[in-house]
Amino acid sequence: MVEEDNKYNHQAIEPKWQKRWEESGLYWAEDNSHKPKFYCLIEFPYPSADGLHVGHPRSYTALDILARKRRMEGYNVLFPIGFDAFGLPTENYAIKVKKNPAEITKTNIDRFRRQLKSLGLSFDWSREVTTCDPEYYKWTQWIFLKLYEAGLVYQKELPINWCPSCKIGLANEEVVSGKCERCGTPVTKKNLKQWLFKITQYAQRLIDDLDKVDYLDKIKTQQINWISRSEGALIKFQISSTKSQINTKSQILNSKHSVEVFTTRPDTLFGATYLVLSPEHELIKNKELGIKNYDEVMEYIEKAKKKSDLERTDLAKEKTGVELKGIKAINPATKKEIPVWVADYVLTGYGTGAIMAVPAHDERDWEFAKKFNLPIIMTIAIDNASDNLTKEIFEFAKKISILADKKNKKFIFDGGFGLDIAYGKITRNHGDIDAQVEKDDLEFWKEYFVKEGFEIKKNPDERFELYIADNGKFHIDFGCYRGKFIKNSIKGTEFTAFSPKEILNFKKSECKRLGTKRLKDVHDFTLFNEMAYIGDGFLINSGIYDGLTSEEGIKQITKWLEKEKLGKPAVNYKLRDWVFSRQHYWGEPIPLIHCDKCGIVPVPEKVLPVTLPTVRNYEPTDTGESPLAAIKDWVNVQCPKCGGKAKRETDTMPNWAGSNWYFIRYTDPHSNQAFASSKKMKHWLPVDIYNGGMEHTTLHLLYSRFWYKALYDLKLVPGSEPYSKRVSHGMVLAEDGKKMSKSLGNVINPDDVVKEYGADTLRMYEMFMGPFSEAIPWDTKGIVGVRRFLDRVYRLGARGNEHGAMSTGPKAQDSGLKVLLNKTIKKVTEDIENFRFNTAVSALMVLVNEMEKQKQLPITHYQLLITLLSPFAPHLSEELWEKLGHKESIFKEKWPQYDPNLAKESEIEFVIQVNGKVRDRMQLPADISEKEAIKKAEQSEKIKKYLDRRQVVKKIFVKGKLLNIVVK
RNA sequence: GCCGGGGUGGCGGAAUUGGUAUACGCGACGGACUUAAAAUCCGUUGGGAGCAAUCCCUUAAGGGUUCAAGUCCCUUCUCCGGCACCA
């Protein structure tokens with residue numbers, strides 16, 4: 001770009017300052033400082049071959065602004081950067097271009113580093129870490145061993161995603177809707193021994209400790225949902241087989257075989273009419289049982305295994321299963337024999353991998369029982385205790401109807417009372433009556449209801465109350481009760497009943513407030529029709545527990561099970577243990593050795609790291625093993641314990657491993673004594689603010705919190721939570737509103753933007769484009785506006801000597817601008833802290849617009865503007881600061897303070913409303929009293945017009961804002 | 001299906017948490033400068049009626065609470081994100 005008078009030359013300015021900042025080490029964090037510390041962290045990038053995405057600067061600039069501001073406020077700031085370099089995309093790319101992933105990574109990182117530096121981010125580059133650097137992953141391996149020694153790692157045979165065509169194990173993210181990402185073949189399962197982390201052991205703490213941290217609510221909820229705790233009971237079902245007939249109670253208790261199930265509904269135990277095992281369940285393998293149709297069962301299991309996840313979890317598909325013939329289970333409550341089935345709708349990974357099926361009260365069991373003709377027993381009824389109340393209401397309604405007829409008034413019930421049947425399911429109980437009356441009759445009805453002892457309330461949610469709206473709508477809420485099916489006819493004086501069948505055919509809206517027949521009938525209807533009742537209620541068909549509420553039933557039955565040693569209360573989490581093995585090359589080798597004699601032996605600390613050897617082929621092998629398995633001289637080692645022949649573990653770690661603890665390493669990145677010195681950790685940790693994408697709020701955030709807690713338990717880190725505060729940025733979408741992707745050809749390259757408009761413009765545009773946490777489409781035209789703004793700031797400083805800001809001309813005493821300046825300082829300061837960068841930028845724009853209108857602009861005012869602008873547009877601000885004659889960097893300046901008294905206007909536009917509508921506005925002192933305001937209002941011609949010949953009912957005065965005159 | 005978050009001009013979005021709806025920016029239109037264009041500057045810009053002053057309507061739709069609702073409550077529609085046979 002040619003340098004013009006009215007535009008600044010970003011291509012000259014930006015590299016100049018980047019170089020100076022780097023040379024002076026302006027942004028280096030101090031390990032020993034008396035200043036308060038501030039650790040702000042961005043998720044370090046994965047250096048893909050695509051280079052930097054315009055989404056990266058959004059997150060980085062935001063925290064850069066915060067970091068710069070905090071430095072100016074006197075904090076010792078740690079704002080580090082590194083690279084999350086291990087992982088699949090690089091490996092796949094390496095395979096494609098037949099190059100070493102290490103070389104590719106180096107090239108990519110170099111490019112990323114150059115790109116990041118061109119954005120003028122105030123990273124402390126002296127602390128850069130890279131996860132694939134042996135100096136780094138030495139400590140990843142070390143942490144792994146510490147956690148291994150602590151008993152948090154175990155081995156288990158588990159299915160991996162397997163592409164039968166590529167003969168390759170796939171990561172979950174390579175499976176796209178059940179198919180191999182590369183060739184489109186449906187993915188199946190293959191069992192392999194894998195390393196797992198016992199994250200489930202920390203499930204409860206991972207939930208509980210969320211109270212200690214300041215994460216966005218939606219992040220907390222997502223974590224809680226991911227862990228998903230449910231309370232219930234473990235119940236033991238004895239198994240009888242053809243080989244050992246069991247009939248008596250004592251025999252049942254002594255039976256050799258049993259199946260344990262987890263349920264959240266022990267109150268439905270009496271309705272458990274069969275058991276279902278997952279295909280992977282251990283019991284099936286037990287030959288002693290004498291399953292008669294063993295071959296058939298095995299065939300089913302084999303089929304299930306071949307199914308993809310997609311097929312198995314497809315909700316639309318019909319349920320399948322096979323009965324285990326020749327064996328029965330005993331329902332511990334009824335002591336009756338019930339059949340045992342195997343079906344793949346029962347998952348192996350959750351609970352015990354077996355369930356008690358209660359078809360009457362579980363939709364899936366219902367569906368299964370219907371298909372295979374299994375018995376269904378209702379054990380939950382819905383409360384029918386308040387029949388009397390219902391009757392009362394009924395009578396009352398009749399009375400009103402008769403009265404209405406007599407007096408020739410209208411009273412139309414719309415709605416009934418009883419069960420709430422919504423969305424095709426009986427959900428909960430409800431009872432209210434809506435009614436409509438004629439407006440003219442309203443007074444009559446009001447009077448009547450008051451006479452009847454009703455209190456007329458405004459809030460329709462209060463129970464047992466009458467509510468009458470001015471538009472003639474009634475709402476009588478009688479609280480919860482159950483009753484007969486009733487329905488008003490349109491006339492409002494007749495009631496008709498619905499049949500159960502009718503109810504089933506109701507549409508969503510019609511189902512809202514319907515009565516039902518007596519509850520027993522509801523159950524008959526459920527039984528003979530098409531649904532399970534999954535809600536709470538009262539126990540029936542449950543022996544001595546009949547009549548208890550579900551809640552009470554759960555307690556009592558669990559208590560009894562515990563006493564009889566047939567079960568116990570239990571908590572389950574959906575969270576699974578973390579599979580830590582990858583059968584891939586490009587990851588940290590797991591530092592374990594398999595010795596025939598000694599078993600699993602950890603690699604001794606002293607010889608860490610176990611470095612990744614160079615191999616010829618990076619493709620996973622067709623056995624599903626990592627390519628490392630093929631390197632004989634790497635695999636074969638001496639056992640560190642006995643010196644005998646041993647083999648290395650050939651699986652590598654997932655790319656979560658390095659990113660799990662990088663924020664710790666930043667505190668002491670060059671130590672070869674420890675993963676970080678405890679002194680430095682104590683100084684810097686926890687991270688004060690951590691920003692990243694929403695896509696990492698479950699896995700990455702949870703995994704790293706888990707490791708941190710485990711390390712805390714080993715007294716290796718100073719706290720139990722790694723991040724005090726977590727925020728998230730929204731995605732930058734393409735101009736078409738879609739996700740940017742190479743295949744769609746809608747990718748914006750930040751390099752181009754930096755080249756054409758400059759880094760300051762890019763930074764500011766990304767802050768200005770919209771709320772930080774929302775996804776926002778890119779708008780090339782929008783950038784122009786920001787660049788224009790920066791040029792105007794530039795010109796404002798350079799304009800004519802006489803009145804220009806660059807000169808130390810006369811100090812204008814423009815109090816209007818002074819107020820605006822203070823307001824702007826306040827707004828920008830607060831907005832940065834609250835991550836509302838878009839409005840901070842607009843506040844700066846407003847200030848500049850005002851400044852341009854000034855005839856004289858005192859240099860102090862201009863300097864203030866530049867200081868406020870500096871975190872957003874660091875290069876231009878430095879340049880202008882220097883032009884103003886300053887020798888030191890603007891970032892050594894103090895962040896501006898505002899005077900709260902000056903941040904308010906002394907005179908405001910006061911609004912006068914009549915009946916809530918704005919009728920006049922006038923310039924008045926901000927602290928004007930009510931009396932004064934009323935006086936002014938009464939003088940107004942515009943207002944007079946509205947007050948004329950009307951009665952003033954009320955005057956509402958809001959200080960500093962408005963006056964509302966209510967007239968009749 | 002469940003959980004979470006939204007819906008405001010032609011577009012991205014503001015609105016001090018119940019108190020002037022549409023800040024700021026983009027775009028569009030008109031004008032100035034220029035031989036011309038770009039750049040820059042100035043003006044207009046939610047919709048409708050009117051020559052005008054002025055008036056009416058407007059925050060997905062409908063209803064409610066309130067002196068006052070984009071904001072609170074109820075109902076409906078709709079979009080986005082996460083989870084999903086989790087017993």
Side-chain angles (χ1 to χ4, degrees), chain A residues 4-7 217-219 221-222 224-226 228 230 232 261-265 268 276 312-315 317 319 343-347 349-352 354-358 361-365 367-368 423-425 458-461 467 469-471 473 475 508-509 512 534 572-576 694-695 697-698 730-731 765 768-771 773-786 788-789 791-792 795 827 830 836 838-839 841-846 849 852 908-918 921 942 953-956 958 960-967:
Chain A
E4 297 169 45
D5 282 351
N6 54 3
K7 292 181 168 208
D217 276 344
K218 68 170 173 182
I219 298 176
T221 329
Q222 245 183 54
I224 290 167
N225 288 347
W226 186 263
S228 197
S230 39
V261 304
F262 173 73
T263 179
T264 53
R265 294 296 300 271
T268 63
V276 190
R312 249 185 98 158
T313 57
D314 185 5
L315 282 155
K317 131 206 122 159
K319 294 205 169 15
D344 65 5
Y345 82 90
V346 174
L347 307 173
Y350 185 76
T352 61
I355 60 149
M356 64 177 211
V358 186
H361 305 296
D362 181 278
E363 286 173 324
R364 297 149 299 175
D365 298 343
E367 193 191 320
F368 194 78
Y423 304 99
K425 276 185 207 167
K458 279 177 180 173
N459 180 2
D461 285 330
Y467 155 68
D470 285 339
N471 65 352
K473 276 223 170 191
H475 182 102
K508 224 156 114 176
S509 52
K512 274 286 133 128
I534 57 169
N572 247 296
Y573 303 90
K574 284 187 199 170
L575 181 72
R576 311 290 168 86
M694 263 327 263
E695 69 275 21
T697 47
T698 43
M731 265 198 291
Y765 168 65
F768 185 57
M769 65 198 302
S773 58
E774 306 283 302
I776 300 195
W778 184 265
D779 179 16
T780 302
K781 283 182 181 144
I783 303 169
V784 178
V786 173
R788 285 209 270 252
F789 165 73
D791 279 327
R792 275 159 57 203
R795 260 177 277 143
K827 179 118 185 90
E830 289 170 358
R836 295 204 303 235
N838 53 333
T839 49
V841 174
S842 87
L844 289 170
M845 288 174 166
V846 171
N849 288 347
E852 279 179 334
I908 47 128
E909 192 176 47
F910 193 83
V911 168
I912 297 156
Q913 299 179 328
V914 178
N915 285 349
K917 287 196 175 170
V918 182
R921 300 152 199 251
K942 286 179 187 168
V953 183
K954 216 188 218 178
K955 287 174 195 142
I956 288 120
V958 183
K961 293 246 159 69
L962 54 79
L963 175 73
N964 186 12
I965 303 169
V966 187
V967 296

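Letters go in sequence order (proteins before strands), and every chain restarts at 1.
In this structure, A:Ile965 and A:Ser842 both approach RNA chain B, and ranking their closest nucleotides by distance from the 5' end singles out A:Ser842. Nearer to the 5' terminus of RNA chain B, by closest-nucleotide assignment, is the contact made by A:Lys827 (compared with the other of A:Thr698 and A:Lys827).
Which of B:rG12, B:rU20, B:rG27 sits closest to the side chain of A:Lys781 comes down to B:rG27. The side chain of A:Arg921 lies closest to B:rU20, out of B:rA87, B:rC24, B:rU20. Candidate nucleotides B:rA21, B:rG4, B:rG13 were compared by shortest atom distance to the side chain of A:Pro771, and B:rG13 ranks first. Checking B:rG82, B:rG13, B:rA87 against the side-chain heavy atoms of A:Ile776 singles out B:rG13 as nearest. When the nucleotides B:rA39, B:rC41, B:rA87 are ranked by their closest atom to the side chain of A:Arg795, B:rC41 comes out on top. Candidate nucleotides B:rA23, B:rC85, B:rG82 were compared by shortest atom distance to the side chain of A:Tyr345, and B:rC85 ranks first. The side chain of A:Thr263 approaches B:rA87 more closely than any other nucleotide in the set B:rG25, B:rA87, B:rG82. With B:rC83, B:rG19, B:rA15 as the candidates, the nucleotide lying closest to the side chain of A:Thr839 is B:rA15. You'll find that the side chain of A:Met845 is closest to B:rC24, out of B:rC26, B:rC24, B:rA14.
At the heavy-atom level, A:Arg792 lies under 4.0 Å from the strands shown only through sugar-phosphate atoms. Contact annotation for A:Val911: base contact, defined as any heavy-atom pair under 4.0 Å involving a base atom. Contact annotation for A:Lys917: backbone-only contact, meaning every heavy-atom pair under 4.0 Å involves sugar-phosphate atoms and none involves a base. When heavy atoms are screened at a 4.0 angstrom cut-off, A:Ser228 is found touching no nucleic acid atom at all. Note on A:Glu774: nothing from the nucleic acid sits closer than 4.0 angstrom, heavy atoms only. Across all strands shown, A:Asn225 has heavy atoms under 4.0 Å from sugar-phosphate atoms exclusively, and none from any base. A:Asp365 comes within contact range of no nucleotide atom at all, as no heavy-atom separation falls under 4.0 Å. As judged by a 4.0 angstrom heavy-atom cut-off over every strand, A:Val786 is placed among residues making no nucleic acid contact.
Between the CE atom of A:Met769 and the C1' atom of B:rG13 there is a distance of 11 Å, rounded to whole Å. Look at CG on A:Asp791: it is 8 Å from P on B:rU40, rounded to the nearest Å. In this entry the distance linking CG of A:Asp779 with P of B:rC26 reads 10 Å, nearest Å. Straight-line distance from the CD1 atom of A:Ile912 to the P atom of B:rA68: 18 Å, rounded to whole Å. Rounded to whole angstrom, the span from the CD atom of A:Glu367 across to the P atom of B:rC85 amounts to 13 Å. To the nearest angstrom, C1' of B:rG4 lies 8 Å from CE of A:Met694. Separating the NZ atom of A:Lys218 from the C1' atom of B:rG82 is a distance of 10 Å, rounded to the nearest angstrom. What separates CD1 of A:Ile956 from C1' of B:rU66 is a distance of 9 Å, to the nearest Å.
Only the C1' atoms considered, B:rG9 is 15 Å distant from B:rA15, to the nearest whole Å. With C1' as the reference atom, B:rA69 and B:rU17 are 12 Å apart, rounded to whole Å. When the C1' atom is compared between B:rG6 and B:rU54, the two are found 38 Å apart, to the nearest whole Å. Comparing B:rA68 with B:rG81, their C1' atoms sit 35 Å apart, to the nearest whole Å. Comparing the C1' positions of B:rC29 and B:rA53 gives a spacing of 25 Å, expressed to the nearest Å. The separation of B:rA28 from B:rG18, taken at their C1' atoms, amounts to 36 Å, rounded to a whole angstrom. One C1' atom belongs to B:rG70, the other to B:rA60, and the distance between them is 12 Å to the nearest Å. Between B:rC26 and B:rU44, the distance separating the two P atoms is 16 Å to the nearest Å.
The closest donor-acceptor contact from the side chain of A:Asn964 to the backbone of A:Gly916 lies under 3.5 Å. The backbone N or O of A:Lys7 lies less than 3.5 Å from no partner atom in the side chain of A:Asp791, so there is not a single donor-acceptor pair.
For the atom pair A:Ile355 CD1 and A:Asp362 CG, the distance stands at 6.5 Å (nearest 0.5 Å). Here A:Ile783 contributes atom CD1 and A:Met769 contributes atom CE; the two are 8.5 Å apart, rounded to the nearest 0.5 Å. Atom CG in A:Leu575 sits 13.0 Å away from atom CD1 in A:Ile224 (nearest 0.5 Å).
Between A:Tyr765 and A:Trp778, the ring-plane angle classifies as perpendicular under the 30° and 60° cut-offs.
A syn base is found at B:rU17: its glycosidic angle is within 90° of 0. Because its glycosidic torsion is more than 90° from 0, B:rG6 is reported here as anti.
Between the base of B:rC85 and the side chain of A:Lys319 there is a donor-acceptor pair shorter than 3.5 Å.
Phosphate contact (OP1/OP2 of B:rA87, side-chain N/O of A:Tyr350, threshold under 4.0 Å): present. Distances shown here put every side-chain N or O of A:Asn964 at or beyond 4.0 Å from the OP1 or OP2 atom of B:rU20. The phosphate of B:rA14 (OP1 or OP2) has a side-chain N or O of A:Asn838 nearer than 4.0 angstrom. Side-chain N/O atoms of A:Arg788 include one lying less than 4.0 angstrom from OP1 or OP2 on B:rC26.
A:Ala357 approaches A:Val276 most closely through the heavy-atom pair CB-CG2, 4.2 Å. Of all non-hydrogen atoms in A:Thr352 and A:Val261, the two that sit nearest each other are OG1-CA, 3.4 Å. Here the shortest heavy-atom pairing between A:Ala843 and A:Lys827 reads CB-CG, 3.8 Å.
In this structure the side chain of A:Met694 reaches within 4.5 angstrom of the side chain of A:Ile219, judged on heavy atoms.
The number of heavy atoms from other shown groups lying within 6.0 Å of CE (A:Met731) does not exceed 12.
In RNA chain B, the stems built from three or more successive Watson-Crick or G-U pairs (distances below 3.5 Å) are B:1-7 with B:77-83, B:10-12 with B:24-26, B:27-32 with B:40-45, B:46-49 with B:54-57, B:60-64 with B:72-76.
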